[in-house]
Structures are given as C-alpha cells and as structure tokens.
Amino acid sequence: MQTVTVVCVGNLKEGYWKDAAAEYQKRLGAFCKLLVVEIEEERLPQKPSLAQIAAGMKEEGRRILSRIPAGSFVIALCIEGKPQSSEELAGLLEQVAIGGKSDISFVIGGSFGLSQEVKERADQSLSMSRMTFPHQLARVMLLEQIYRGYQILNGGKYHK
C-alpha cells in the first residue's frame, strides 16, 4: 500500500474545510496510508518587503523539507507546474508505484508559494489551475483528486 504524505503550510481553520478534508482522508484509507503534515506558516508584517517574503518562504521551505519522508517521490503544487487531468494524476500515482517508490509526497506552500529549495527537491511540479485558490481549498481539492485517482485506478464508480 502506498504512503501518501501531504505536507502543507498552515492549518485548516474553518470547520467546513476540516470536515471536507476529514471525509476524503477517511475515504483514502481504503487505498493508501495518508499522512497530512501541517507546517507552521511564517508570520510576516502586514505589508512585508520582498526580502521579508523571501526570508519567510526560505524558513517555511526548511520546515517543509525536514518533513518530507526520505526517498519519497515529491510533487510540488505551484503555479508554474504542469496542469494534469484526473486520469493523468491517476497514471502518475500508478507510475510512481511501478517505479518502486512506495512513498509519494505532495507539497502545498504558504500564501507566497514555495521556496526555490522545495521546488528543486520536487521530482515533479503540478498546477491545479491557472486560477489562484485559497490554500485551505487547495488542500481539499488535492485530497479529492488523490481519492479520484485511486478510484480511477481501481475501476470505481466515483469518477464519471
């Protein structure tokens, strides 16, 4: 069974995000061992300078990298990543497993994105859309797409 780790900056604040994430975490239990790792978001001033943003991203990146399991196939979610269909994501989950990796990690950055160090560590970059989403919504969307991917691979009725 694959281990899927979702490393994300920040936590889910509103109950509806927590409920949605919990539902997909429960469903995913049939397909993989899912770990959600929340990294503390770096606190910045109300109007941070570019230097403060860069320093904050670097610190978040250090914390992210420390929580990625050794040997894991890493997918960074970022705007410059490659968009994929649900079927393509399912194929990627399968290819990682066939390639001998039992661990796959998805990384969701903070409000300013991911540090260059995290992007360089990633084996692949993924864009969920050209649109911008709140990070809490992105986490729920990612969990849903991982669930959909496993449903596709297992011939489930969920994906239509």
Side-chain angles (χ1 to χ4, degrees), residues 1-48 50-84 86 89-90 92-93 96-97 101-129 131-151:
M1 181 177 275
Q2 246 178 347
T3 298
V4 176
T5 303
V6 177
V7 181
C8 39
V9 175
N11 55 23
L12 298 177
K13 294 172 181 67
E14 289 85 6
Y16 52 88
W17 294 132
K18 291 178 184 178
D19 292 344
E23 177 61 27
Y24 288 110
Q25 287 176 264
K26 181 180 75 174
R27 291 182 186 192
L28 280 164
F31 302 105
C32 66
K33 178 182 177 187
L34 178 70
L35 305 169
V36 176
V37 178
E38 294 179 337
I39 303 298
E40 183 180 350
E41 189 167 9
E42 195 66 16
R43 296 201 183 271
L44 297 175
Q46 187 72 14
K47 293 184 179 182
L50 291 177
Q52 290 169 318
I53 292 169
M57 287 173 56
K58 189 170 185 81
E59 181 57 30
E60 287 173 355
R62 185 192 62 73
R63 289 195 290 262
I64 289 168
L65 292 171
S66 75
R67 299 301 300 269
I68 294 173
S72 185
F73 185 90
V74 178
I75 301 171
L77 275 71
C78 49
I79 192 99
E80 64 272 20
K82 178 185 173 205
Q84 291 190 332
S86 298
L89 180 61
L92 178 59
L93 292 170
V96 169
K101 298 254 184 184
S102 60
D103 292 320
I104 186 167
S105 296
F106 292 87
V107 181
I108 302 172
S111 57
F112 291 103
L114 293 169
S115 70
Q116 190 60 38
E117 294 82 5
V118 173
K119 291 177 186 179
E120 289 172 3
R121 166 60 183 91
D123 296 293
Q124 188 164 330
S125 296
L126 172 67
S127 173
M128 298 191 82
S129 171
M131 292 185 252
T132 301
F133 299 106
H135 288 77
Q136 295 181 61
L137 176 57
R139 185 190 314 188
V140 172
M141 290 170 55
L142 174 63
L143 292 170
E144 189 279 337
Q145 285 298 298
I146 295 168
Y147 174 70
R148 184 178 297 271
Y150 281 116
Q151 282 285 334

Do Leu142 and Leu77 have side chains that get closer than 4.5 Å, going by heavy atoms? yes

Given side chains that start at C-beta, do those of Leu34 and Leu143 come closer than 4.5 Å, heavy atoms only? yes

Is there side-chain contact between Phe31 and Ile146, with at least one heavy-atom pair below 4.5 Å? no

Which of Val9, Val6, Val74, Ile39 passes side-chain contact (heavy atoms from CB on, under 4.5 Å) with Val107? Answer is Val74

Flag the pair Val96 / Ile75 as yes when at least one side-chain heavy-atom distance between them is below 4.5 Å, and no otherwise. no

Is any side-chain heavy atom of Asp103 closer than 4.5 Å to a side-chain heavy atom of Thr5? no

Between atom CD1 of Ile64 and atom CD1 of Ile68, what is the distance when rounded to the nearest 0.5 Å? 7.0 Å

Could you tell me whether the side chains of Ser127 and Glu80 share a donor-acceptor contact shorter than 3.5 Å? no

Which pair of heavy atoms, one from Arg27 and one from Tyr147, lies closest together, and at what distance? CB-CE1, 3.4 Å

Quick check: do Arg139 and Val36 have side-chain heavy atoms less than 4.5 Å from each other? yes

What one should report as the nearest heavy-atom pair of Pro48 and Pro45 is CD-O, 3.2 Å

When you look at CD of Gln52, are more than 12 heavy atoms from neighbouring residues, nucleotides or ligands closer to it than 6.0 Å? yes

Test item: Tyr150 and Gln2 side chains (from C-beta on) under 4.5 Å apart, heavy atoms: yes

So with a 6.0 Å cut-off around CE of Met1, is the heavy-atom count from everything else above 12? yes

Could you tell me whether Arg121 and Glu117 have a side-chain N and a carboxylate O separated by less than 4.0 Å? no

Would you say Arg67 has more than 12 foreign heavy atoms packed within less than 6.0 Å of its CZ? no

Distance in Å, Gln25 CD paired with Lys18 NZ, rounded so as to fall on 0.5 Å steps: 12.0 Å

Looking only at non-hydrogen atoms, find the nearest pair between Glu38 and Leu12 and report the distance. OE2-N, 3.7 Å

Which heavy atom of Ile53 sits nearest a heavy atom of Leu44, and at what distance? CA-CD1, 4.1 Å

Roughly how far apart are Ser111 OG and Glu60 CD, rounded to 0.5 Å? 7.0 Å

How about Arg63 and Glu42: do any of their side-chain heavy atoms sit closer than 4.5 Å? yes

Separation between CZ (Arg148) and OH (Tyr24), nearest 0.5 Å, reads 7.5 Å

Between Lys101 (side chain only) and Gly71 (backbone N and O only), is there a donor and an acceptor less than 3.5 Å apart? yes

Are the side chain of Ser72 and the backbone N or O of Ser105 linked by a donor-acceptor pair below 3.5 Å? yes

For the atom pair CD (Glu59) and CD (Glu40), what is the distance rounded to the nearest 0.5 Å? 9.0 Å

Determine the minimum heavy-atom distance between Gly109 and Leu114, stating which atoms define it. CA-CD2, 3.3 Å

Hey, does the side chain of Gln136 reach the backbone of Lys13 with a donor-acceptor pair shorter than 3.5 angstrom? yes

Cys8/His135 under side chain to side chain contact (heavy atoms under 4.5 Å, CB included): CA gap, chis, key distance, verdict: CA-CA 8 Å; Cys8 39; His135 288 77; over 6 Å; no

To the nearest 0.5 Å, how far apart are CD1 in Ile108 and CG in Leu126? 10.0 Å

